[in-house]
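Heads up: the structure comes next, in structure tokens.
Chain naming here is simple, since letters A, B, ... match the order of the sequence lines and numbering starts at 1 in each. Everything numeric here is computed off the predicted structure, so don't read it as measured data.
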Amino acid sequence: MTRTACITTPIYYVNDRPHIGHIFTTTLCDAWARAMRLQNCDVFFLTGTDEHGVKVEKSAAEHNVTPQAWADTNAAEFERILPLFQISNTDFIRTTQPRHERQVQEFIQRLQKSGALYKGSFEGWYDEGQEEYLTETRAKECEYKSAVNGKPLVRAQEQNWYFKLSAFSDRLKAHFESHPHFVQPSARMNEVVGRLREGLQDVPMTRTNFTWGIPMPGDPGHVIYVWIDALFNYITALDYTDASPKNPRAHYWPADWHVIGKEILWFHAVIWPAMLMALELPPPTKIHAHSFWISEGKKMSKSLGNFIDLPTIEKYIARYGLDAWRWFMLTRGPIDATDADFRASAFHETYTADLVNTVGNCSSRVTAMIAKTFNGQMPDDIERGGAWPARCQQAVADWQKHFANFQLADAAEDAMKLLRDVDLFINQTEPFKLAKDPAQRERVASILAQCLESVRIASLLLEAFLPQKMAEFAALLGVSGDTSWDVRSRWGALKPGCPVTKVALYPRVESDKS
RNA sequence: GCCGUCGUAGCUCAACCGGUUAGAGCGGAGCACUCAUAAUGCUCAGGUUGGCGGUUCGAGUCCGCCCGUCGGCACCA
């Protein structure tokens, strides 16, 4: 029986344009999904778009189109760009799809039956121009005036459906205690636990001031709040209103990882698990909340206009290649608790140091020596690998452990270390010198065979990060994607005599000193 | 304001429960080598581990205070 794995990105709000943040999150998930697939896992990798809410309704009106048309256009853009980054998602869910809307209504009805919902009145500071409520702190910040038109905020009230979040306080606390790694990184876990200690308030889950959303079952005029609607995507994509074994997707839940940005942690770590508890469904296994990119030392913001947007990203890919882009995202990105800086100079240095000088050069020197010394054929290793099989096995084990813990950059480093060891080994054993002595031919054959086999295994470990060139390299060596993990991850997949040509995987790129 | 991060070599970061001369990568300097994409390997960083005080046989690692940074505080990846 094959293992299953499930990973999700947040669904992206269609009022936004795709930028480095979306692509970063999605790429993280993609690398993990690819790593699991390499290991023969049956992977469900979900992404999609969040399309309801007052902001979409307003933007649509400004553009003189229907909300659905506006959502269609923008959702299409999010979906269109996935192949540009070789994202290997297995589904793309949109919250305006019938499958989602139908199931959300059913889940809401179940929540109602469970007694987790009640109708109460909501009072708050209301911006009449923007037609939205502001939080108490936000209202204070704006001195109780609209940030947009300067008119005073009004005290407004409306009837809403509430989710009884407070009732789940103890169960949530118990879950956090028994699952100390539920939220990663640990700094984020601390934040959630700390806030949980302060007590929970029930959350409004419907609105009446707009209509672009999923109607509240049995209460016309009430629309399900976008966030509640959106969270359900993780299980509506699995048709999880039917959790029985007859549903071919049901076994993917609970998801191994919800990968999110830190700003939406509370919803995923607290509200979402509580709703699932109310529905008597299992919570997600783990949540990884990454941090943000900043740009050349400055926070990205709409007002500064320094977002790393799609055209900027496409320029990098045109210049350095997709692998380089993914490599920088995955190894230098804000995957943990601190923000990371996107600098053009750092991008260039990372590409040169890692992909050109290490991956590219090491594979090049090894294949070149074999091509020259052994007529382009994998030589026979009478030493049976020497110390290398164990060394490679260790790298594979470390890599697996790091991926299991969502430590992607560390997993990449496992492969890089292996390559650096190969470089070192070549300098120490000097096969290029020994090759001049016919008496040393067997020794040279063993050294080079060991090098190539180690490089091959390193490239396997890099394939989730660098899908383009590593797949190409594997194919060149005749050990490509349809070969099983057991064969590929073990020593000895390259047989003596198989053809080897000199490779040049990552060309040097001149830095543009302006 | 409340809660929470982080503050270690020029840069990016390591260091499990406190325990020998605090470690890598990148950049820089020198040397070696020539199979390779002017690549690679070796050597070189005398860092008061933000500051002050405390606990301890012993603290980067625990406690207190201070300084600085960043984040969350309900809908911006």
Side-chain angles (χ1 to χ4, degrees), chain A residues 9-10 12-13 15-16 18-26 28 50 53-55 132-133 135-138 140 165 185-198 201 203-204 225-228 230-231 259-267 270-271 289-294 299-302 307 331-334 336-341 343 345-346 349-350 352-373 409-410 413 416-417 420 422-428 430-435 444 448 451 502-509:
Chain A
T9 75
Y12 302 119
Y13 203 52
N15 229 32
D16 210 352
H19 57 67
I20 190 171
H22 307 107
I23 290 157
F24 174 61
T25 312
T26 309
L28 287 178
D50 179 12
V54 66
K55 285 180 186 165
E132 63 186 15
Y133 284 91
T135 63
E136 191 60 39
T137 44
R138 178 74 186 137
K140 201 172 180 179
L165 181 63
S186 57
R188 297 269 102 85
M189 181 72 168
N190 292 344
E191 263 175 34
V192 173
V193 171
R195 202 168 146 196
L196 209 52
R197 261 199 305 271
E198 293 170 9
Q201 287 176 4
V203 290
Y225 200 26
V226 276
W227 256 109
I228 303 295
L231 285 167
V259 180
I260 59 170
K262 61 187 176 183
E263 83 290 356
I264 54 177
L265 178 59
W266 186 248
F267 294 96
V270 175
I271 297 175
H290 67 246
S291 302
F292 294 156
W293 283 101
I294 60 175
K299 196 168 180 169
M300 280 191 258
S301 75
K302 277 165 195 159
F307 262 90
T331 63
R332 307 301 149 103
D336 287 321
T338 48
D339 292 350
D341 196 3
R343 284 180 189 274
S345 60
E349 282 167 22
T350 300
T352 303
D354 293 350
L355 300 191
V356 179
N357 293 352
T358 305
V359 181
N361 184 61
C362 187
S363 54
S364 172
R365 69 195 300 208
V366 171
T367 52
M369 278 189 276
I370 290 175
K372 197 161 132 190
T373 315
D410 297 298
E413 183 59 20
M416 297 302 280
K417 274 200 199 110
R420 280 186 220 114
V422 171
D423 272 331
L424 177 56
F425 182 64
I426 294 171
N427 280 35
Q428 284 171 343
E430 302 185 311
F432 44 87
K433 270 188 188 167
L434 301 182
V444 174
L448 294 182
C451 287
K502 181 183 166 177
V503 296
L505 297 171
Y506 296 104
R508 196 160 295 278
V509 172

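Residue-level contact check: A:Leu505 touches the bases, meaning some heavy atom is under 4.0 Å from a base atom. Nucleic acid contact for A:Ala368: sugar-phosphate only, since backbone atoms but no base atoms lie under 4.0 Å from a heavy atom of the residue. Among the protein residues, A:Phe292 comes within range of the nucleic acid bases, having at least one heavy atom under 4.0 Å from a base atom. A:Asn361 comes within 4.0 angstrom of a base, heavy atoms only. Within the 4.0 angstrom heavy-atom criterion, base atoms lie near A:Val203. Contacts of A:Thr25 with the nucleic acid, taken as non-hydrogen atoms under 4.0 Å apart, involve only primed sugar atoms and P, OP1 or OP2.
Judged as a salt bridge (Lys or Arg N to Asp or Glu O under 4.0 Å), and not counting sequence neighbours, the contacts of A:Arg343 are A:Glu296, A:Asp341. Remark: A:Thr367 pairs with no residue by the side chain to side chain donor-acceptor pair (under 3.5 Å) rule, at least two apart or across chains. Residues forming a side chain to side chain donor-acceptor pair (under 3.5 Å) with A:Asn361 (at least two apart in sequence, or on another chain): none. Residues satisfying the salt bridge (Lys or Arg N to Asp or Glu O under 4.0 Å) test with A:Arg332, not counting sequence neighbours, are A:Asp354. Residues passing the salt bridge (Lys or Arg N to Asp or Glu O under 4.0 Å) test with A:Glu430 are A:Lys433, sequence neighbours excluded.
Atom C1' of nucleotide B:C16 and atom CG of A:Asp410 are separated by 14 Å, given to the nearest angstrom.
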Under a cut-off of 3.5 Å for both distances of each Watson-Crick or G-U pair, what dot-bracket string does RNA chain B give, using [ ] for crossing pairs and | for inter-strand pairs? ((((.((..((((.....[...)))).(((((.......))))).....(((((..]....))))))).))))....

